[in-house]
Amino acid sequence: MWLQIGYPPFVIETHTSPSFPFLAALVFLKSSENPSHPIPRKQGYNQELCLEKRVFEDMSGGCSIVWFRRDLRVEDNPALAAGVRAGQVIAVYIWAPEEEGHYYPGRVSRWWLKQSLSLLDSSLRNLGTSLVTKRSTDSVSCLLEVIKSTGATQLFFSHLYDPLSLVRDHRMKEVLTDNGIAVRSFNADLLYEPWEVLDDEGLPFDTFTEFWDRCLTMPYDPESPQLPPKKIISGDLSKCPSDTIIFEDESEKGSNALLARAWSPGWKNGNKALSAFMNGPLLEYSKNRRKADSATTSFLSPHLHFGEVSVRKVFHLLRMKQVLWANEGNTAGVESVNVFLKSIGLREYSRYMSFNHPYSHERPLLRHLKFFPWIVDEGYFKAWRQGRTGYPLVDAGMRELWATGWLHDRIRVVVSSFFVKVLQLPWRWGMKYFWDTLLDADLESDALGWQYISGTLPDGREFDRIDNPQFEGYKFDPNGEYVRRWLPELSRLPNEWIHHPWDAPEYVLQAAGIELGSNYPLPIVKLDAAKARLQEALTQMWQHEAASRAILENGTEEGLGDSSEAAAPIAFPQNMEIEMDENTLRATPTTTTIRHYEDQMVPSMTSLLSRGDEEVSSSDAGIQAEDSRAEVPINQGVVDIEMVRTEPRIDVITTMGFPDGDHLQAESSSTSRTGSRERDGGVVPVWSPSTSSFTVDEDSSYLQMQHAQSHQLITWRRLPQTG
DNA sequence: AGAAAGTTTAG
DNA sequence: TAAACTTTC
């Protein structure tokens, strides 16, 4: 498809530091090779990169396009500043979600984007221009149109580091340059560009700690944040009307209505959140951040995702605060800043990883992990999504995620670790679900997080470690408040049993009104069964890895060999659309088909494609959608190993007691009880399901409402093929 | 002092 | 889980 061997080099120009006015980074992204086992050190396995100093005279006099993407702010926005310096400015936002492949933004994320754009527009209006919004399926040709209709002569934009953007931006740069347009791009998203942070041999780091140490000891500081422009001279917009962009459909509006009660998108509000955090929870951050149910985190992640808040500003403010506290001998404060900075560092690292390993959202970084026999079980997947695993902390988390689009960092770790290690579902599914549901969905961060949890990173979690949700429950939610909020059916269970109801004596359960297997599930998989299964899977993984290696060494291409994957640099999953089409034709039993395949598509996408543009409204249609979702595509073109594991004895709950999610009528969040939680003096509304009739309708919504605009989404099948 | 046992912490 | 760190004897 689009990333293949012979992938073209691309050029990124970047304004880095005053002493180095401009660096043009010429980056040859070779196809990614996964590091091989054992864990590689400093192999420089991905890219060559060379920096070339060039001097630009400031372009001025003309009219510039400033292309906004994930830098939706007017302060500390170098692209905007450059436009303002050069003369007239045309600010553009292009909504072209088809370009994102299957990472079409989820409902809550689109809600945020919509608010953010409208606030950006009003800020721009105050400064003298406005935001031109365009609906397109191809940003590059759309930019060309805007340029033609406005007579602009240059284009400024901020860098993105996900593989799709890297490719698109490179193409854009070529096309526009060929059309006589001057194109310049800037770092607005990171403290340091990925190619600035290298080890002594000039190679990228492959562990976070080393990376972050280097960032903190760079010989030059991240650039200081810039103030917003005082005034913008608008270019001629008369021939360049905005398109109306539809970010949410009718069915989504109700669910979105409550978001505004807890969140305020936009760069100004991002700044408010930043100072609220810095003047409040930051001081105790290192102590408090471990409580699942408290508002002690920064709540900055959605602002950061959309670039409403500049990380450089965050960084500089934090450092100033830290110096202040250090002078006062406030060691707790100093430590808190370090801990918080580390999470900023992880965000940096996610971009770094995405840049150096363009496939990191698709496949494990560690090579042998691609031989892990994931359990392809949509029943598990569904139970996880609906919060019906029988592990209260996991279930509470999943319910919160669905209801609010938000999850405390700790709980993200808990639910994802459970997903990968206990259920052994392919991590990409979980990642995709996070992408679809999180308010701060961020491809790079989520890829890093899931890879970390899955043990597919050189410095990830131990692979054979299974975290115990019961123990974690008592760690992060010692009084069970979090569980009780999100699992009303357990609210009368005493603390002693709240995180392991399956151990509770019958009379306790009765007193609490709980009938396990009926109104709350028994554990979907018992932990010792999961451990045994994990060990077995690991053994298989190593066998297959060894077999594959042996075959490669013998130079044979027969049998097990998936030489195309293992030996040759890897292309992005090839022929994804064909793969999907084939899949829709295949009918397989719903339950427990277990296959070895490392690169599954996400089930929701499957059903989406199989449903086509059809409106699904009747319950019948819902069932069909469910059926067609049964199979997960197998990429036969790439991987030949396809094996069926016989499932060890596992306690699987067959009747959950919950009505099937698909047949429930949606209890829209508007009927939910609204509570509130403290956040920095102010009260932030939080909605929780009403105790009386909580139903989980997440699944049908996930498939039907989430992607209700499927007719728009579908076009990713028609992505331009440049390979 | 030094081993053993307990505690904390990890994205 | 497991390794690092702290406390106890």
Starting from [atom2] on [N], measure out to [atom1] on [X] and report it in whole angstrom.
X      : N      : atom1 : atom2 : answer
A:I344 : B:dG11 : CD1   : C1'   : 14 Å
A:D206 : B:dG11 : CG    : C1'   : 16 Å
A:K342 : B:dT9  : NZ    : P     : 12 Å
A:I411 : B:dG11 : CD1   : P     : 15 Å
A:R289 : B:dT8  : CZ    : C1'   : 12 Å
A:D409 : B:dA10 : CG    : P     : 11 Å
A:N468 : C:dA2  : CG    : P     : 14 Å
A:Y285 : B:dG11 : OH    : P     : 9 Å

For A:Y433, the option from A:W384, A:F419, A:W402 that meets ring-ring contact (aromatic ring centres under 6.0 Å, His included) =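 That would be A:W384.
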OP1 or OP2 of [N] under 4.0 Å from side-chain N/O of [X]:
X      : N      : value
A:K421 : C:dT1  : no
A:R410 : B:dG11 : yes
A:R465 : B:dT9  : no

Just checking, is any N or O donor in the side chain of A:Q424 or A:Y380 under 3.5 Å from an acceptor N or O on the other one?
->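 A:Q424 vs A:Y380: no donor-acceptor pair found between side chains.
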Evaluate the ring pair (Phe, Tyr, Trp, His ring centres under 6.0 Å) criterion for residues A:Y192 and A:Y220: first the C-alpha distance (whole Å), next the side-chain angles of each, then the deciding distance (0.1 Å), finally the verdict.
-> CA-CA 10 Å; A:Y192 299 103; A:Y220 51 98; 5.7 Å; yes
Select base, sugar-phosphate, or nothing to describe what A:I453 touches, counting heavy atoms under 4.0 Å on all strands.
->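 It contacts nothing in the nucleic acid.
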Sugar-phosphate only, base, or nothing, as touched by A:R347 at under 4.0 Å among non-hydrogen atoms |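 Since no nucleic acid heavy atom lies under 4.0 Å of A:R347, the category is nothing.
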Mind checking whether A:W195 and A:F355 have parallel, tilted or perpendicular rings, split at 30° and 60°?
->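 A:W195 vs A:F355 ring planes: tilted.
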